[in-house]
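To start, the structure itself, in structure tokens.
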Amino acid sequence: MSRSSRRRKHAVSQLNLMVVGFSSLGKTSFIRMLFETLCRLKEDTELPASLFKRAETAQDAEAARTKELYSFTLDIEEEGEKISLTLVDCPGFVRDNELRLDVQVTEVLRYIEAQFDQTLAEETKVKRNPKAQDSQIHACLYFIDNTNNGLTDKDIRILKRLTARVNVIPIVAKADLLTTTQLANLKKAINRDIKQYQIPVFDFPVDEEDGSDPEVVAEAVADIQTQIPFSIIAPEDAELIDPSTSEKILGRQYTWGVIDCLNPKHCDFVVLRNVLLSSHRKLFKDITLELFYEQYRTERLMARKASKMITKEQKKKLMEDLQEI
Ligand SMILES: Nc1nc2c(ncn2[C@@H]2O[C@H](COP(=O)(O)OP(=O)(O)OP(=O)(O)O)[C@@H](O)[C@H]2O)c(=O)[nH]1
């Protein structure tokens, strides 16, 4: 084995994912489900307590609400590759206060931009740290309320802001509450709105650099594209037993039957997990660095240049105006 391939085998890839959306749509439950399906390399990683606060009753709901943004990192292995996976959970957006909602979205964007600032600071160092962590958010899952018929005005406004800074993947949450026809209609309505309002969500382009047969890759991508937005059902109880197989499953039990959250016929979790951790991981990272980070970097440098160019009088006037605010 050559030195470089040995290095690659031991190389750890970083992946940073974020979940956002209105409150109580199942974001934390999704993170918990993802966590439960991961092949962890270190069992002793300290996990946030909020990850285990389940809310099966209305009284629990307030206590289990995500109050502030938090993140945690896990060392995992996916298809033989080591990944340092950071999951970021954000407080749910409020529905009834436009001003507060805007502040919340700004806070999410500030967090994303703060990660770009870290890269920018590292890049401008004379002696760069070769082991510097990549903390940029590579993909953001946007949870959509399935009680609406497509995207609301608020969704559109939020999505327009987020897609300027990060790869956004739309998610239909709590898909168990919809029939097959309702789910298909909702997916259609969301895709119609995405197109009509020209929201540049991540559209699963064919990766030109992928060494596999181009026809096979194009077919796989087309297959994924038909599933967007991905439907998710999070389990209610990790200890659920499927009565037909007597096996433990991650699911939800109803009077009429059991949902297996890992069954691709029930929801798109397995496809989404594969897209995030495996098939599109590199593409998410490349686009983040080459498109979103570059855009942010250019904006920052231009703003810096513009502030240098203003005259002393203009600066004085600006300071006076700011004091008046
Ligand atoms: N029916 C159903 N309920 C779900 C699903 N996922 C989560 N829930 C329930 O929805 C409630 C809220 O779930 P959370 O995961 O806390 O939602 P959240 O989006 O993180 O909420 P905030 O912290 O307020 O933003 C809980 O009672 C969950 O058990 C699902 O797929 N289907």
Side-chain angles (χ1 to χ4, degrees), residues 17-37 47-72 87-97 100-108 111 140-148 152 154-155 158-159 162 168-180 182-183 186-187 190 227 229-240 242 249-273:
L17 306 174
M18 175 182 245
V19 294
V20 299
F22 283 92
S23 143
S24 226
L25 291 184
K27 299 180 293 299
T28 308
S29 305
F30 168 81
I31 289 193
R32 198 183 300 129
M33 167 163 60
L34 183 62
F35 166 76
E36 279 164 6
T37 66
L47 297 164
S50 52
L51 193 62
F52 301 100
K53 268 192 205 143
R54 292 160 196 266
E56 297 306 341
T57 65
Q59 290 93 312
D60 295 344
E62 181 53 30
R65 213 163 46 80
T66 305
K67 312 258 180 339
E68 54 188 44
L69 181 149
Y70 69 91
S71 69
F72 62 100
L87 298 169
V88 184
D89 191 3
C90 299
F93 296 144
V94 295
R95 292 178 171 80
D96 53 359
N97 184 334
R100 174 83 196 113
L101 174 61
D102 273 351
V103 171
Q104 284 185 306
V105 180
T106 302
E107 280 167 1
V108 170
Y111 180 87
C140 169
L141 307 185
Y142 183 79
F143 280 60
I144 299 166
D145 194 336
N146 69 31
T147 57
N148 301 317
T152 61
K154 285 178 188 151
D155 285 324
I158 298 167
L159 282 168
L162 290 174
V168 175
I169 302 175
I171 304 287
V172 171
K174 302 191 183 182
D176 53 312
L177 305 179
L178 301 172
T179 66
T180 317
Q182 285 171 330
L183 179 61
L186 180 60
K187 283 192 175 196
I190 292 170
Q227 304 193 45
F230 298 102
S231 65
I232 293 297
I233 303 173
E236 58 173 335
D237 188 346
E239 293 296 312
L240 198 66
D242 184 341
I249 55 162
L250 290 174
R252 299 187 81 85
Q253 186 156 29
Y254 295 86
T255 46
W256 41 264
V258 172
I259 287 174
D260 178 357
C261 302
L262 302 188
N263 182 341
K265 285 186 186 151
H266 294 182
C267 77
D268 302 328
F269 175 78
V270 172
V271 180
L272 176 64
R273 184 188 184 285

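In each ligand, atom 1 is the first atom listed, and ligand 1 is the first ligand listed.
- In this structure, the side chains of Ile171 and Val19 stay at 4.5 Å or more apart for every pair of heavy atoms.
- Within the 4.5 Å cutoff, the side chain of Pro91 has heavy atoms near those of the Leu69 side chain.
- Contact annotation: for Thr28 versus ligand 1, heavy atoms closer than 4.0 Å belong to both the backbone and the side chain.
- When heavy-atom distances to ligand 1 are checked against a 4.0 Å cut-off, Leu177 comes that close only through its side chain, counted from C-beta outward.
- Residue Gly92 has at least one N or O atom closer than 3.5 Å to an N or O atom of ligand 1.
- Residue Cys90 places no N or O, backbone or side chain, under 3.5 Å from any N or O of ligand 1.
- Remark: ligand 1 atoms within the under-4.0 Å shell around heavy atoms of Ile233 are 31 (O).
- Counting heavy atoms from C-beta on, the side chains of Tyr142 and Phe22 come closer than 4.5 Å.
- For a threshold of 3.5 Å applied to N or O pairs, the pair formed by Leu25 and ligand 1 contains at least one separation below that value.
- Across the listed options Arg65, Lys174, Lys67, Arg65 owns the non-hydrogen atom lying nearest to atom 24 (O) of ligand 1.
- Partner of Lys154 under the side-chain contact (heavy atoms from CB on, under 4.5 Å) criterion, out of Asp145, Leu101, Leu159, Asp102: Leu101 alone.
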Under 3.5 Å, which donor-acceptor pairs do the side chains of residues 260-271 form with other protein atoms, sequence neighbours left out?
| unit_1 | atom_1 | unit_2 | atom_2 | d |
| --- | --- | --- | --- | --- |
| Asp260 | OD1 | Leu262 | N | 3.0 |
| Asn263 | OD1 | Lys265 | N | 2.8 |
| His266 | ND1 | Asp260 | N | 3.0 |
| His266 | ND1 | Asp260 | O | 3.4 |
| Asp268 | OD2 | Lys187 | NZ | 2.8 |
| Asp268 | OD2 | Ser231 | N | 2.8 |
| Asp268 | OD2 | Ser231 | OG | 3.2 |

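- For ligand 1, the polar-atom distance check finds an N/O of Ala234 within less than 3.5 Å of one of the ligand's N/O atoms.
- Between Ile158 and Val20 there is no side-chain heavy-atom pair separated by less than 4.5 Å.
- Residue Arg252 touches ligand 1 through its side chain alone, judged by heavy-atom distances below 4.0 Å.
- A 4.5 Å side-chain heavy-atom check between Leu141 and Ile232 finds every atom pair outside the cut-off.
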